[in-house]
Every structure is written in C-alpha cells, then in structure tokens.
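Inspection log for the structure reproduced underneath, given as structure tokens.
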Protein chains: 2
Amino acid sequence: MNAPHFEKVALIGIGLIGSSIAINMRERGLAREIAIATRRPETLKRAEELGLGTSYHLDTADAVRDADLVILCLPVGSCGAAAAAMAPSLKPGAIVSDVGSVKASVVQQVQPHLPANVHFVPGHPIAGTEQSGPDAGFLELFENRWTILTPLPETDEAATQRLRAFWEATGAMVEIMTPEHHDLVLAIVSHVPHLIAYNIVGTAADLETVTQSEVIKFSASGFRDFTRIAASDPTMWRDIFLTNRDAVLEMLARFSEDLASLQRAIRWGDGDALFDLFSRTRAIRRSIVQAGQDTEEANFGRLPHRKDSWNETPPAAE
Amino acid sequence: MNAPHFEKVALIGIGLIGSSIAINMRERGLAREIAIATRRPETLKRAEELGLGTSYHLDTADAVRDADLVILCLPVGSCGAAAAAMAPSLKPGAIVSDVGSVKASVVQQVQPHLPANVHFVPGHPIAGTEQSGPDAGFLELFENRWTILTPLPETDEAATQRLRAFWEATGAMVEIMTPEHHDLVLAIVSHVPHLIAYNIVGTAADLETVTQSEVIKFSASGFRDFTRIAASDPTMWRDIFLTNRDAVLEMLARFSEDLASLQRAIRWGDGDALFDLFSRTRAIRRSIVQAGQDTEEANFGRLPHRKDSWNETPPAAE
C-alpha cells in the first residue's frame with residue numbers, strides 16, 4: 001500500500017481505461033476519494049455495483065469539485081464538451097489530464113476551457129484490449145506498458161512529475177514527448193494498424209466469391225488476429241481517425257506506397273524482394289519480445305483450440 | 001490408441017506441420033512406420049533426436065519406398081522437385097498428399113510426375129503458428145481446426161475418405177473443395193492478411209519521423225499483433241505469394257479499393273461511414289469466437305505484461 005498520491009481523484013468516463021485506473025487506485029491506495037462521473041445512468045450504476053469509486057455522479061461538475069486530479073477517460077471527440085462542463089467547478093491548483101489516443105486534438109479542445117489556475121498535463125496510457133465498458137478493467141493493464149505524457153511548454157514541471165509518479169505507481173513506465181510527435185508515433189504503431197484491420201475484415205465480409213461462413217470457419221489462418229483488433233470500440237476509433245487525420249493520412253500514404261511495391265513484386269515474380277522483406281520483419285518481432293512488450297510463445301500462448309478448454313490451464317510447452 | 005490407419009507413412013519435410021503430423025501419428029498410433037526425409041542433415045538429426053519417426057532419410061526416394069501414404073510437408077515451391085524425385089519409388093496404390101497453403105499450383109507441379117497407379121489427394125491443414133522447424137510441432141495443432149482436401153475429378157473416392165479419416169484422427173475437421181476455390185478462400189483469410197502485416201511492419205521500420213526503438217517500445221497499441229504474423233517463415237511465404245499470384249492480386253485489389261474509400265472518409269470527416277464499418281466488423285469477431293475458432297479472452301488471453309511471468313499460470317479472470 002503506497003501513501004495516497006492524491007486526496008481526491010475524479011474520473012470522467014468509466015470504460016476500460018477509467019475502470020482500470022479506478023481499480024489501481026483502490027487496490028494500491030493511490031487516492032483517498034475516487035469520484036466517478038459518466039453520462040449514462042446504467043453505466044454509473046454498474047460502476048457502483050463494481051465498487052470502483054467512493055462517489056458517483058451523473059454531473060461532471062459535481063464530480064470534479066475539490067478534486068486534486070481529474071482524468072478524462074472519454075473518447076477523444078468528447079473531451080472538449082467535458083472540459084467546458086467541468087471548468088467552472090475545478091479546484092485551483094488541480095491537475096487535469098486525459099487518456100486519449102490523440103493528443104494535439106485534445107489540447108486544442110480542452111485547453112481553451114481551462115482556467116489559468118489549473119495544470120493541464122495530457123496523457124495516454126499505451127494499454128488496452130479489444131473489450132470496453134466498466135467490467136473490462138483490470139489491475140495489471142498498465143504494468144510494464146508505457147504511458148506517454150505530453151505537457152505543454154507552459155505546464156508546471158511539478159504537476160507533470162506528480163502525474164508521472166501516479167502512473168508509475170500503477171506499474172506503468174512513463175515517457176514524455178510533444179503532442180505532435182505522440183500523434184505521429186501512434187499513427188504508425190496503432191491507428192493505421194487498426195484501420196487496415198477494420199478494412200480487411202470489411203473487405204472479407206463483402207466478397208461474392210467467398211462466403212462469410214467460409215471466412216469465419218477458416219479464420220485461424222491469420223485473419224482471426226485482425227478480427228480481434230477490428231472488434232475494438234467503434235466510437236473511440238471513429239474519434240481517433242477524425243482527430244488524428246493528418247498523421248493517419250501521412251502514414252497511410254506510406255503504407256499504400258509500400259504495398260503497391262509488394263504488389264508489383266508479386267505480379268512480376270520477384271521472389272527475392274519478397275524474401276528480403278519477410279526476413280527483415282522477423283527481426284523486429286524478436287526485438288519486441290526482447291523488450292518485454294509481447295510473449296514469445298507461439299500464437300501469443302493461446303490455449304489449445306477446444307472450446308471447452310479455454311478456461312483451463314495451458315499444458316507445458318512441448 | 002486407434003488402430004493404425006496406415007502401415008507406413010512417409011513425411012517429406014519435417015518443419016512445424018510435418019513434426020506435428022509425426023507427433024500425432026506417434027502419440028495416437030496412426031501408423032506403424034514413420035519414414036522422415038529432409039534435405040538438411042542437421043534437421044534430420046534433430047528429428048531423430050526428437051524421436052519423430054522410425055526411419056530417417058536424406059534421400060526422398062528411399063523414404064517413400066513401401067509407404068502407403070506420402071505427405072509432402074514442404075514450402076509450396078519445392079513440391080514439384082520432390083514429386084519428381086520420389087515418383088519412381090512410389091508403391092502402387094499409395095496415397096500422395098501435401099500440406100501446402102496453395103493448391104492449384106501444387107496440382108500443376110506434382111500431378112505430371114506421378115505414376116497413374118497412385119492416388120493424389122492434395123490437402124491443407126489450416127493450422128500453424130509463427131514458429132517453424134522440427135521443434136515447433138505439437139500434438140494439439142490440428143485440434144478443432146479445418147483441414148481442406150482438394151481431390152481432382154479423377155481422384156479415387158476411397159483414397160479421399162481414407163485421408164479424411166486420418167486427418168480426423170488428429171482432431172481436425174475436414175472440408176472438401178476444388179483447388180481453385182481453396183486458393184480464393186485462403187487469399188482473403190490468410191495470404192492478404194499476411195501480406196499487409198509484412199507490409200506495415202516494413203513501413204514502420206523505414207520511417208524517418210518515428211524511430212525503430214519507438215515502434216518497438218509502443219508496439220502494444222496494436223502493432224505487435226502484426227509483428228507476430230510478420231515473423232512467419234520467409235521461404236514458405238515467398239512461395240505462397242509467387243504461386244497464388246492471381247487470387248492474391250484479386251483480393252489485394254479489393255482491399256486497396258476499400259482502403260481508398262476509408263481514406264476518403266477520414267479526409268472528409270465522414271464519421272458515420274467509419275462508425276458503420278467499425279460496428280459491422282465487431283459482429284464478425286463474435287461469430288469467430290462462437291465458432292470456436294478463437295478465444296474470447298481479452299488480448300487472446302495473453303499473460304500479464306511482465307517479462308518474468310510469461311511462463312507462469314495466468315491469474316483467474318477479473
């Protein structure tokens with residue numbers, strides 16, 4: 001049990017990330033009071049049933065009153081309206097942050113509403129699953145994962161350091177960069193991969209020569225990995241593409257250019273070009289496993305393929 | 001223990017699929033003799049150390065002598081040469097099959113070499129991991145996975161049924177279709193997904209604005225799933241793209257057309273178009289989980305993200 005990092009923390013939104021932060025605060029004693037606000041009464045009720053907070057609010061302004069730290073855990077497109085709603089009730093000296101997957105747009109949306117006497121430190125925990133809602137959260141979500149903070153040039157350094165210590169207490173590693181660089185990095189490691197996963201799943205569903213039931217039956221040959229990513233929250237991802245437009249379009253242009261070149265290699269039977277690329281990409285996988293960012297087990301260590309055994313302990317490796 | 005399905009089976013090639021078949025035959029008693037042939041002495045030695053067979057051969061013709069079933073477990077591009085080498089030694093009445101991810105090309109390569117008195121039943125187990133070599137095989141690989149057989153119009157029906165029973169004894173489900181339809185199905189559920197995974201990993205490695213170390217650090221946001229696929233065997237995948245060219249190019253054209261339309265939706269801020277696609281793709285994921293072709297656990301049930309815990313038992317779900 002750590003000493004509390006904050007007397008009172010308000011979470012605005014209580015989906016996968018919000019509930020995982022709440023569980024961390026509760027289990028690790030990071031805050032004395034946890035105020036939870038969300039717009040939908042059913043979601044708020046569920047958060048209360050799960051015991052995620054110490055007070056529950058349908059009104060954002062109510063939740064943030066007296067809070068030392070306010071974290072917006074909302075789809076990127078909803079951050080501006082939430083900032084406007086809570087601004088009059090913010091405590092002087094409070095730290096305001098968020099968890100959005102796009103940072104320049106959040107700064108643009110939120111900053112104009114905030115009074116001069118609060119500290120705005122935008123943030124983004126690089127962690128998640130394809131699941132959403134207050135039931136999806138878990139304690140270990142941030143462990144050994146990076147959280148990026150993107151303070152503005154005028155942000156108080158002490159506020160940034162307090163927020164860094166808070167995230168580190170959840171098990172996260174913290175990196176600091178500009179909002180613009182963050183958005184470029186995320187465009188290539190996250191946004192474009194999600195876009196092409198969504199896209200191929202859509203393409204497969206629309207074919208005339210291959211039926212949807214064939215696509216589902218034979219998905220284990222690679223396609224099923226894409227469907228997991230393409231099962232992510234639609235609202236969250238719509239907002240990401242609308243608000244990180246320029247970086248996504250830039251990276252997508254590079255992707256398409258490279259794909260055209262691969263297509264040409266296939267058409268003209270250039271096996272060496274294919275083999276060279278396929279060998280190069282293998283090395284990157286090794287680096288990711290070595291950096292502790294993924295398991296080295298085959299198929300991500302998925303359990304054997306029997307429906308009735310998904311919840312059993314996996315057998316020892318051969 | 002089943003009654004043996006065959007007196008003698010010869011496996012030509014002993015990588016991930018070959019070794020998994022061998023382990024199935026050994027553990028489930030599907031054959032009395034298992035002859036293993038491979039070109040590289042080190043690989044053959046390793047197969048012998050692992051006890052995968054009952055005899056070991058550097059010469060393909062030696063291995064197939066007296067075999068009732070011969071399975072080519074080779075990259076697609078090597079099947080023609082192997083067929084030529086073994087043809088004179090094949091036992092009359094033997095069944096010849098393969099495990100290649102492309103079927104029309106295997107038929108073209110292999111069929112001309114085979115004597116009229118053997119039964120050719122091309123096959124493809126839709127199962128695998130990103131790992132390769134004789135150490136990668138395991139007993140459960142085919143369990144609850146589909147194996148597709150693509151007999152030719154002139155193929156003896158009894159031979160097809162014997163091979164079907166053999167595959168079912170490994171835990172596989174069997175489907176029969178034409179080689180051409182198989183190649184279209186696989187192009188969309190496997191070949192194009194692998195191609196775009198290889199492609200985006202290559203694109204990410206070549207950027208100037210984002211460093212390779214950033215790509216590796218922040219890979220957990222989606223990218224790492226693609227790197228697993230892009231770590232698959234380079235020779236095998238080169239051969240797949242070279243031999244299933246037409247179907248891959250056709251499916252790739254559809255993919256690119258759809259991607260251009262998504263790109264346009266992002267450029268023009270058409271949030272509804274994005275939201276509609278992202279909701280549709282979620283339903284396909286649910287169908288795949290319901291069909292028992294993937295786990296419903298978040299992140300494929302990957303263990304918590306600590307390097308030292310990869311090999312421990314996962315905790316109970318929250």
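All values below come from the heavy atoms of this structure, side chains included, with hydrogens, waters and symmetry mates left out. Per chain, numbering begins at 1; letters A, B, ... match sequence-line order. Given the structure is predicted, the values throughout are model-derived calculations rather than measurements.
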Residue pair [X] / [Y]: nearest heavy atoms and the distance that separates them:
X       : Y       : answer
P234(B) : R282(A) : CD-NH1, 3.6 Å
Q293(A) : R224(B) : O-NH1, 3.0 Å
T209(A) : H181(B) : O-CE1, 3.1 Å
L259(B) : N199(A) : N-OD1, 3.3 Å
S287(B) : I216(A) : CB-CD1, 3.3 Å
F223(A) : I188(B) : CD1-O, 4.1 Å

Given a strict heavy-atom distance threshold of 4.5 Å, which part of [X] is in contact with chain A: side chain, backbone, both, or neither?
X       : answer
R228(B) : both
Q263(B) : both
F226(B) : side chain
L50(B)  : neither
D233(B) : both
I229(B) : side chain
L207(B) : both
R286(B) : neither
Q212(B) : side chain

Among [options], single out the residue with the greatest number of heavy-atom pairs under 4.5 Å to chain A.
options                            : answer
L184(B), L249(B), L274(B), L277(B) : L249(B)
L195(B), V248(B), V192(B), T211(B) : L195(B)
A231(B), S232(B), G269(B)          : A231(B)
I200(B), T235(B), D206(B)          : I200(B)
V210(B), V189(B), D258(B)          : V189(B)
E208(B), E257(B), M177(B)          : E208(B)

Within the side chain of T281(A), is there an N or O that forms a donor-acceptor pair under 3.5 Å with the backbone of V201(B)? no
As an exercise, state the distance from [atom1] of [X] to [atom2] of [Y], rounded to the nearest 0.5 Å.
X       : Y       : atom1 : atom2 : result
L262(A) : T203(B) : CG    : OG1   : 8.5 Å
E130(A) : E296(B) : CD    : CD    : 10.5 Å
I288(A) : K217(B) : CD1   : NZ    : 13.5 Å

For [X], is it the side chain, the backbone, both, or neither that has a heavy atom closer than 4.5 Å to a heavy atom of chain B?
X       : result
R245(A) : both
Q131(A) : side chain
L252(A) : side chain

Return each pair, listed once, that meets ring pair (Phe, Tyr, Trp, His ring centres under 6.0 Å) where at least one residue sits in residues 238-258 of chain A; pairs must be two or more places apart or across chains. W237(A)-F241(A), F241(A)-F278(B)
I'd like to know which of [options] tops the heavy-atom pair count under 4.5 Å against chain B.
options                            : answer
S190(A), A127(A), A204(A)          : S190(A)
G222(A), A265(A), S261(A)          : G222(A)
M251(A), R238(A), H194(A)          : R238(A)
N244(A), L242(A), D246(A), D276(A) : L242(A)
L186(A), D225(A), I126(A)          : D225(A)
E250(A), M173(A), E214(A)          : E214(A)

Take N299(B) and T129(A) through the test side chain to side chain donor-acceptor pair (under 3.5 Å) and record every step on the way to the result. CA-CA 6 Å; N299(B) 269 332; T129(A) 74; 5.5 Å; no
